[in-house]
> 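Can you read through this structure? Questions will come right after.
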Amino acid sequence: MQMSRKIAGFLVGVAAFMIFEWINLGFNLADGHPTSFYVVHGVLVAVNILLALVIGTIGVRGLRGLRGLGSPRGPRGSSDPRGLHGPAEGVQRPKV
């Protein structure tokens, strides 16, 4: 599946906002709360920064034109223009 550059840029923007916002929240937690408050919010900050990194990676890959994780095609301009690495043994490739 490919995504448009607009969607990829949106994902990168959302990821940057999430990282900024959650790090800012982490620094702005006021003192005087019970320990459980800080544990819960620390977990929330960590999980949301991890999600932002994943979303940002997907967005950057979309902007670069990569097809995704484990794609046999690889980046643009690969040596195989159709993205095929040869047929499996005993399989005939259709004539185009």
Side-chain angles (χ1 to χ4, degrees):
M1 180 174 132
Q2 289 189 339
M3 70 176 78
S4 69
R5 292 184 84 68
K6 190 182 290 188
I7 296 295
F10 176 75
L11 290 177
V12 171
V14 166
F17 175 76
M18 285 176 67
I19 289 173
F20 170 77
E21 188 65 30
W22 282 99
I23 288 176
N24 193 28
L25 174 88
F27 283 118
N28 287 335
L29 292 175
D31 291 333
H33 294 284
T35 304
S36 61
F37 175 85
Y38 294 111
V39 170
V40 167
H41 283 82
V43 170
L44 287 172
V45 168
V47 167
N48 278 285
I49 288 175
L50 182 65
L51 286 173
L53 291 174
V54 170
I55 290 171
T57 301
I58 292 169
V60 167
R61 285 180 179 223
L63 287 174
R64 288 178 143 183
L66 298 179
R67 293 179 54 95
L69 298 172
S71 172
R73 182 170 172 201
R76 286 189 204 162
S78 71
S79 60
D80 189 1
R82 291 187 359 181
L84 302 173
H85 298 286
E89 254 185 76
V91 176
Q92 296 285 330
R93 188 181 294 175
K95 303 286 183 196
V96 180

> When you group the ILVMFWY residues by side-chain heavy-atom contacts below 4.5 Å and let the links chain together, are L51 and V43 in the same group?
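Linked, V43 and L51 end up in one cluster.
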
> Using 0.5 Å steps for rounding, measure from the CG atom of L53 to the CG atom of N48.
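L53 atom CG to N48 atom CG measures 11.0 Å (nearest 0.5 Å).
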
> Is a donor on one side and an acceptor on the other found under 3.5 Å between the side chain of N24 and the backbone of F20?
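No; judged by distance alone, with no hydrogens or angles, the pair does not exist.
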
> How close do R5 and L63 get, heavy atom to heavy atom, and via which atoms?
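Scanning both residues, the minimum pair turns out to be NH1-O, 2.9 Å.
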
> Ignoring hydrogens, what is the shortest heavy-atom contact between Y38 and D31? Give both atom names and the distance.
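Smallest heavy-atom distance, with atoms named: OH-CA, 3.1 Å.
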
> Any idea which heavy atoms bring G62 and A8 closest together, and the distance?
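What the structure gives for the nearest pair is C-CB, 3.8 Å.
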
> Using the ring of each side chain (for Trp, its six-membered ring), is F37 parallel, tilted or perpendicular to H41, with breaks at 30° and 60°?
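If you compare the ring of F37 with that of H41, the planes turn out tilted.
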
> Could you tell me the separation between the CH2 atom of W22 and the CZ atom of F27, rounded to the nearest 0.5 Å?
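It comes to 14.5 Å.
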
> Looking only at heavy atoms, what is the nearest atom pair of I58 and M3, with distance?
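Shortest heavy-atom contact: CG2-CE, 3.6 Å.
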
> Measure across A52 and A15 and return the closest heavy-atom pair with its distance rounded to 0.1 Å.
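Heavy atoms only, the tightest pair is O-CB, 3.2 Å.
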
> If you take all heavy atoms of L11 and I55, which pair is closest and at what distance?
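Closest approach of L11 to I55, heavy atoms only: O-CG2, 3.4 Å.
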
> Treating Ile, Leu, Val, Met, Phe, Trp and Tyr as nodes and any side-chain heavy-atom pair under 4.5 angstrom as an edge, say whether I49 and L25 lie in one connected cluster.
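Yes, it is one cluster - the side chains of I49 and L25 are joined through contacts under 4.5 Å.
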
> Same cluster or not: are V54 and M18 linked, directly or through other Ile, Leu, Val, Met, Phe, Trp or Tyr residues, by side-chain heavy atoms under 4.5 angstrom apart?
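Looking at the clustering, M18 is in the same group as V54.
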
